[in-house]
Amino acid sequence: MKPVISITGPTAVGKSAVADALAEHLGGEVISTDAMQVYRGMDIGTAKTPVAQRRVSLHMVDVVDPCEPYSAALFQRDARACLDRLLACDIAPILCGGTGLYIDAVLDDLCFPSGELTGAQRERYQRLAQSIGADALHDLLARRDPASAACIHPHNTHRVIRALEMCDEGASYAEQRAGFTSPRAVYQARRFVLTMEREALYQRIDARVDAMMHDGLLDEVRGLVAQGAEDALTSRQAIGYKELIAYMRGDLSLDEAVGLIKQRSRRYAKRQLSWCRRDDRNIWIDMGACDVPAAVRLILAQSEDA
RNA sequence: GGCUAGAUAGCUCAGUUGGUAGAGCAGAGGACUGAAAAUCCUCGUGUCGGGGGUUCGACUCCCUCUCUAGCCA
């Protein structure tokens, strides 16, 4: 069987164009691997390919409302179901997106504890963290699960809370992680990372943010806020949305908000590259040195010799 | 042309009666298994504008030149 092709890379590097061209060439379909494109109505800010411009089917976008929480575990379940459907029909699946954890959740044998995750529990821990402080919360974890506490920085409250949740489910963050030091693939896959010289990438990011504003990102955010998405746990954390919400509240000027969107996008791109570098299965393609057709040819060539 | 205030890290600046310099921001690197566009950690050598002088020693004092801003002609 041909390997599943995954395309990732920093934001604004041009992943979608390559994935679309590749899918068109192979008669395949694209599965988005992006944590924010799953939300309905978040289109401009997540750079979703507009429906009218789609030449191939795009899956795993618009799967939940912005008010609903979503997660890597749910994505794993839903995206694998989608992937299996395509494979059963002998349609080439192309994964394309910038969320490294989601890609690994689909392709590797990451397994999440099966317990129910209630938002109420998480909110309880958040309130606890606020009242006793990050260090005290970390101490609490240290008493319940010393191994996990040892591998999480005390200030990393998000992860401390997650480890506490896992204790409640009878699992251990540290044990879970130790078991997967060398990931095993559940799907045979070829992983490509599109990259570009930093300065050129940053220019593209800035230009794309300006284009998003021109395309009506502010109106999109207004519409989402009107639907009550402002308090959503996950979707409101998206870059481009939280800053414009701050502007609407009067906390920032519009110029400041746009500047912040650009800066956070740059830092996000940097984190994406860090994530990709540590996985030596990745095959890197310099988009500064080739155009879309050339990138497609490189991917095809690298995917044949299995 | 004259006077005044400046010129120190990519940017904005600090530098205490002379002992060759440090903050914020920007930026860079890293971690990452149910929030991941999230969350967290680490990283500061630069002709102190150029040249000369005083001094054991000058970013610091003196002279001079260059540039910038403002004021006066």
Side-chain angles (χ1 to χ4, degrees), chain A residues 8 10-12 32-39 42 45-48 64 66 68-78 97-119 121-123 125-126 129 134-135 137-138 148 151-169 171-184 198-199 201-202 205 208-209 212 231-244 259-279:
Chain A
T8 188
T11 186
S32 163
T33 47
D34 184 295
M36 292 301 164
Q37 288 191 355
V38 298
Y39 293 109
M42 292 173 62
T46 64
K48 237 176 251 174
V64 288
E68 300 173 47
Y70 202 67
S71 69
L74 298 174
F75 185 86
Q76 180 185 58
R77 179 197 67 194
D78 297 340
T99 307
L101 177 64
Y102 282 24
I103 297 169
D104 291 349
V106 174
L107 296 179
D108 292 337
D109 62 342
L110 268 61
C111 85
F112 303 104
S114 54
E116 279 290 303
L117 237 197
T118 68
Q121 182 72 340
R122 179 160 292 178
E123 279 174 33
Y125 280 125
Q126 277 175 339
D135 290 327
L137 193 75
H138 189 262
S148 294
C151 66
I152 301 173
H153 192 281
H155 294 169
N156 198 345
T157 301
H158 268 48
R159 205 152 288 149
V160 171
I161 289 176
R162 176 60 195 145
L164 286 166
E165 288 172 349
M166 289 179 77
C167 288
D168 295 339
E169 297 166 21
S172 162
Y173 178 88
E175 266 174 43
Q176 189 83 13
R177 222 178 56 173
F180 294 94
T181 42
S182 54
R184 282 168 299 171
R198 198 63 62 94
E199 199 173 326
L201 180 66
Y202 285 0
I205 287 172
R208 187 158 81 160
V209 171
M212 285 174 177
D231 300 320
L233 184 64
T234 311
S235 62
R236 58 165 289 196
Q237 300 186 113
I239 295 170
Y241 295 84
K242 57 187 164 197
E243 295 82 4
L244 290 181
L260 205 51
I261 293 170
K262 290 174 180 175
Q263 181 187 84
R264 286 183 174 156
S265 298
R266 289 195 288 267
R267 290 177 171 173
Y268 171 47
K270 204 157 73 80
R271 273 178 275 130
Q272 289 175 302
L273 288 165
S274 279
W275 179 281
C276 292
R277 279 190 206 106
R278 69 175 188 163
D279 192 334

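Scope of the values below: all heavy atoms of this structure, side chains included, with no hydrogens, waters or symmetry mates. Chain letters run A, B, ... following the sequence lines, proteins first, then strands; residues in each count from 1.
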Pick base, sugar-phosphate or nothing for [X], based on heavy-atom distances below 4.0 Å to the nucleic acid.
X	answer
Ser265(A)	nothing
Tyr173(A)	sugar-phosphate
Gly45(A)	base
Asp34(A)	base
Ile161(A)	base
Glu169(A)	nothing
Arg77(A)	nothing

For [N], does either OP1 or OP2 sit under 4.0 Å from a side-chain N or O belonging to [X]?
X	N	answer
Ser274(A)	G30(B)	yes
Arg277(A)	G29(B)	yes
Gln263(A)	A26(B)	yes
Tyr241(A)	A37(B)	no
Arg266(A)	G27(B)	yes
Arg236(A)	A35(B)	no
Arg278(A)	C32(B)	yes
Tyr202(A)	A28(B)	yes
Thr234(A)	A38(B)	no
His153(A)	U39(B)	no

Distance-minimising heavy-atom pair for [X] and [Y]:
X	Y	answer
Ser235(A)	Pro66(A)	OG-O, 2.6 Å
Ala129(A)	Leu137(A)	CB-CD2, 3.8 Å
Arg264(A)	Arg271(A)	O-NH2, 4.3 Å

Could you check which of [options] has an atom nearest any side-chain atom of [X]?
X	options	value
Lys242(A)	C32(B), A36(B), A38(B)	A38(B)
Asn156(A)	A36(B), U39(B), C41(B)	U39(B)
Arg162(A)	A35(B), G29(B), A37(B)	A35(B)
His158(A)	A36(B), C40(B), A35(B)	A35(B)

Rounded to the nearest 0.5 Å, what separation is found between the CG atom of Leu164(A) and the CZ atom of Arg122(A)?
->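 The CG atom of Leu164(A) sits 11.0 Å away from the CZ atom of Arg122(A).
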
Quick one: OH on Tyr173(A) to CZ on Arg159(A), what's the gap to the nearest 0.5 Å?
->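 That separation rounds to 4.5 Å.
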
Give the rounded distance in Å between these two atoms: [atom1] of [X] and [atom2] of [N].
X	N	atom1	atom2	result
Tyr70(A)	A37(B)	OH	C1'	16 Å
Leu201(A)	G27(B)	CG	P	12 Å
Glu165(A)	U39(B)	CD	P	16 Å
His138(A)	C41(B)	NE2	P	12 Å
Tyr125(A)	A35(B)	OH	P	14 Å
Tyr268(A)	G27(B)	OH	P	17 Å
Glu199(A)	G10(B)	CD	P	15 Å
Arg198(A)	G10(B)	CZ	C1'	16 Å

Write down the partner of [N] under the Watson-Crick or G-U wobble criteria, each distance required to be under 3.5 Å.
N	answer
C25(B)	G10(B)
C71(B)	G2(B)
A38(B)	none

Do Leu74(A) and Ser71(A) touch side chain to side chain, with heavy atoms closer than 4.5 Å?
->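 The answer is yes, as the side chains (C-beta and beyond) meet within the 4.5 Å cut-off.
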
Measuring only the [atom1] atom in each nucleotide, how far is [N] from [M]? A whole number of Å is fine.
N	M	atom1	result
G1(B)	A23(B)	C1'	41 Å
A26(B)	U47(B)	P	22 Å
C41(B)	C25(B)	P	13 Å
U55(B)	U12(B)	P	37 Å
A28(B)	G10(B)	C1'	13 Å
G15(B)	C71(B)	P	26 Å
U45(B)	A36(B)	P	37 Å
G51(B)	A58(B)	C1'	15 Å

Quiz item: [X] side-chain donor-acceptor pair to [N] base, under 3.5 Å:
X	N	answer
Gln37(A)	A37(B)	no
Arg159(A)	A38(B)	yes
Lys270(A)	G27(B)	no

Take Leu273(A) and Leu74(A), find for each the nucleotide of RNA chain B with the closest heavy atom, and name the residue whose nucleotide sits nearer the 5' end.
->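 This one resolves to Leu273(A).
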
Select from Ala72(A) and Ile239(A) the residue whose nearest nucleotide in RNA chain B is closer to the 5' end of that strand.
->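 Upstream on the strand: Ala72(A).
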
For the pair Glu243(A) and Arg236(A), find out whether any cationic side-chain nitrogen is under 4.0 Å from an anionic carboxylate oxygen.
->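 Looking at Glu243(A) and Arg236(A), the cut-off is not met.
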
Side chains of Thr11(A) and Arg208(A): do they bring a donor and an acceptor to under 3.5 Å?
->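 Yes.
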
Look at the side chain of Tyr125(A) and the backbone N and O of Glu165(A), then say whether any donor-acceptor pair between them is shorter than 3.5 Å.
->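 Judged by distance alone, no pair lies under 3.5 Å.
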
